[in-house]
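So the structure is just underneath, and the comments pick up after that.
No experiment lies behind these values; they were computed from the predicted model shown.
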Amino acid sequence: MIMVHGRGADAADILSLAELFQRDDIIFLAPQAAGHAWYPYRFFEPVGRNEPFLSSALSVIGGLLAWLGERNMPAEKVVILGFSQGACLALEFAARNPQRYAGVIGFSGGLIGANVTSEAYGGSLNGTPVLLGCSDVDPHIPLARVHETTDTMRRLGGAVTERIYPGLGHTINEDEIAHARAILDAVV
């Protein structure tokens, strides 16, 4: 599992989620963003505003995926998970690089850019399980963007589960962890 932390956090923060998955048969990897942020502006700004940082961040995930592939761990055995800014990055990476992954998990995130249209992405996720979990009142993630991301990932052939939690705020809950565990159970 590649775990991508959010803005203001670090690799150790996101790795702490690994304990909740209660798995000793999974390798957890978490890259660290310079300055604790993958890109400088909010995720729903025009894409160009977050460049070249966004491209650099996407290449970090691509580099880890390639590194795992060189060690006989193909993408279909890799789950990409992120929270907040990390969720946005994980989802954007999968949408821009569609193939069969073991899973893509976005806790409180959505696709990146001022406007999201499913026509902007091509290829197929080939049935990749995709989990999108978010509050209906998340102060950082507009609910409409979660729905647009769900629609896009479904159009790309992802098996999407969207979970919207009333009044939750910007956090991860046990139901999301349970859904993520189910994705991991299907992989191992």
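Every residue two or more places apart in sequence or in another chain was checked for a salt bridge (charged side-chain N to carboxylate O under 4.0 Å, His left out) with Arg7, and none qualifies. Checked against side chain to side chain contact (heavy atoms under 4.5 Å, CB included), Gln32 has the following partners two or more places apart in sequence or in another chain: His5, Asp10, Ala11, His36. In this structure Asp24 satisfies the side chain to side chain contact (heavy atoms under 4.5 Å, CB included) test with no other residue, sequence neighbours excluded. For His140, the ring-ring contact (aromatic ring centres under 6.0 Å, His included) partners are His170, not counting sequence neighbours.
For Glu148 and Arg145, the salt-bridge test passes: some basic side-chain N is under 4.0 Å from an acidic carboxylate O.
Linking ILVMFWY residues whenever their side-chain heavy atoms come closer than 4.5 Å, directly or via other members, leaves Val60 and Met3 in distinct clusters. Under the 4.5 Å side-chain contact rule for hydrophobic residues, Ile105 and Leu125 do not share a cluster. A single hydrophobic cluster is seen to contain both Met153 and Leu143, as judged by linkage of ILVMFWY side chains at heavy-atom distances under 4.5 Å, directly or through other members. The hydrophobic cluster containing Leu156 also contains Ile112, counting ILVMFWY residues as joined when their side-chain heavy atoms lie under 4.5 angstrom apart, directly or transitively. Follow the hydrophobic side-chain contacts under 4.5 Å out from Trp38 and you never reach Met1; the two are in separate clusters.
By the neighbour-count criterion of 12 heavy atoms within 6.0 Å, atom CD1 of Ile26 is densely surrounded, having more than that number from other residues, nucleotides or ligands. The neighbour count for Glu19 CD, taken as heavy atoms of other residues, nucleotides or ligands under 6.0 Å away, does not exceed 12.
When all heavy atoms of Pro31 and Ile2 are compared, the pair lying nearest together is CD-CG2, 4.4 Å. Here the closest non-hydrogen pair linking Ala87 and Gly109 is CB-CA, 3.8 Å. Of all heavy-atom pairs spanning Pro98 and Gly122, the tightest one is CG-O, 2.9 Å. Across all their heavy atoms, Ala90 and Ile80 have their closest contact at CB-CG2, 3.6 Å. Across every non-hydrogen atom of Gly110 and Thr149, the tightest pair is CA-OG1, 3.4 Å.
Under the 3.5 Å distance criterion, the side-chain polar atoms of Gln85 are left unmatched by any main-chain donor or acceptor of Leu89. In this structure, Asp138 contributes its side chain and Cys134 its backbone to no donor-acceptor pair below 3.5 Å. In this structure a side-chain-to-backbone donor-acceptor pair under 3.5 Å is present from Ser16 to Asp13. For Arg100 (side chain) and Glu76 (main-chain N/O), no donor-acceptor pair under 3.5 Å exists by modelled atom type. Remark: the backbone N or O of Val116 is not paired with any side-chain donor or acceptor of Thr152 at under 3.5 angstrom.
Cluster partners of Leu168, by chain and number: Tyr165. The rule joins Ile, Leu, Val, Met, Phe, Trp and Tyr whenever side-chain heavy atoms lie under 4.5 Å apart.
Atom-to-atom distance recorded for Cys88:SG and Phe93:CZ is 15.5 Å, nearest 0.5 angstrom. Atom CG of residue Leu111 and atom CG of residue Leu132 lie 8.0 Å apart, to the nearest 0.5 angstrom. Of the inter-residue distances, the one linking Phe28 atom CZ with Leu81 atom CG reads 9.5 Å to the nearest 0.5 angstrom. One finds the OG atom of Ser84 at 9.5 Å from the CD1 atom of Ile14 (value rounded to the nearest 0.5 Å). Here the CZ-CG distance, from Phe43 to Leu54, works out to 12.5 Å after rounding to the nearest 0.5 Å. Going from atom CG of Leu58 over to atom CG of Asn97 covers 7.5 Å, rounded to the nearest 0.5 Å.
Geometric assessment of Arg49 against the ring of Tyr41 yields a positive cation-pi assignment under the 6.0 Å and 45° thresholds.
When each of Ile183, Leu65, Val187 is paired with Tyr101, the side chain to side chain contact (heavy atoms under 4.5 Å, CB included) condition holds for Leu65 and for no other.
Residues Trp67 and Leu29 are in side-chain contact: their nearest non-hydrogen atoms beyond the backbone lie under 4.5 Å apart. Ile172 places none of its side-chain heavy atoms less than 4.5 Å from the side chain of Ser108. You'll find the side chain of Pro40 reaches within 4.5 Å of the side chain of Phe53, heavy atoms only. Residues Leu131 and Val104 have side chains not in contact (no heavy-atom distance under 4.5 Å, counting atoms from C-beta outward).
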I would like to know whether Glu176 and Arg181 meet salt bridge (Lys or Arg N to Asp or Glu O under 4.0 Å); could you show each step before the answer? CA-CA 9 Å; Glu176 290 171 295; Arg181 275 192 205 115; over 6 Å; no
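For residues 161-170, the pairs satisfying salt bridge (charged side-chain N to carboxylate O under 4.0 Å, His left out) are Arg163-Asp175, with sequence neighbours left out.
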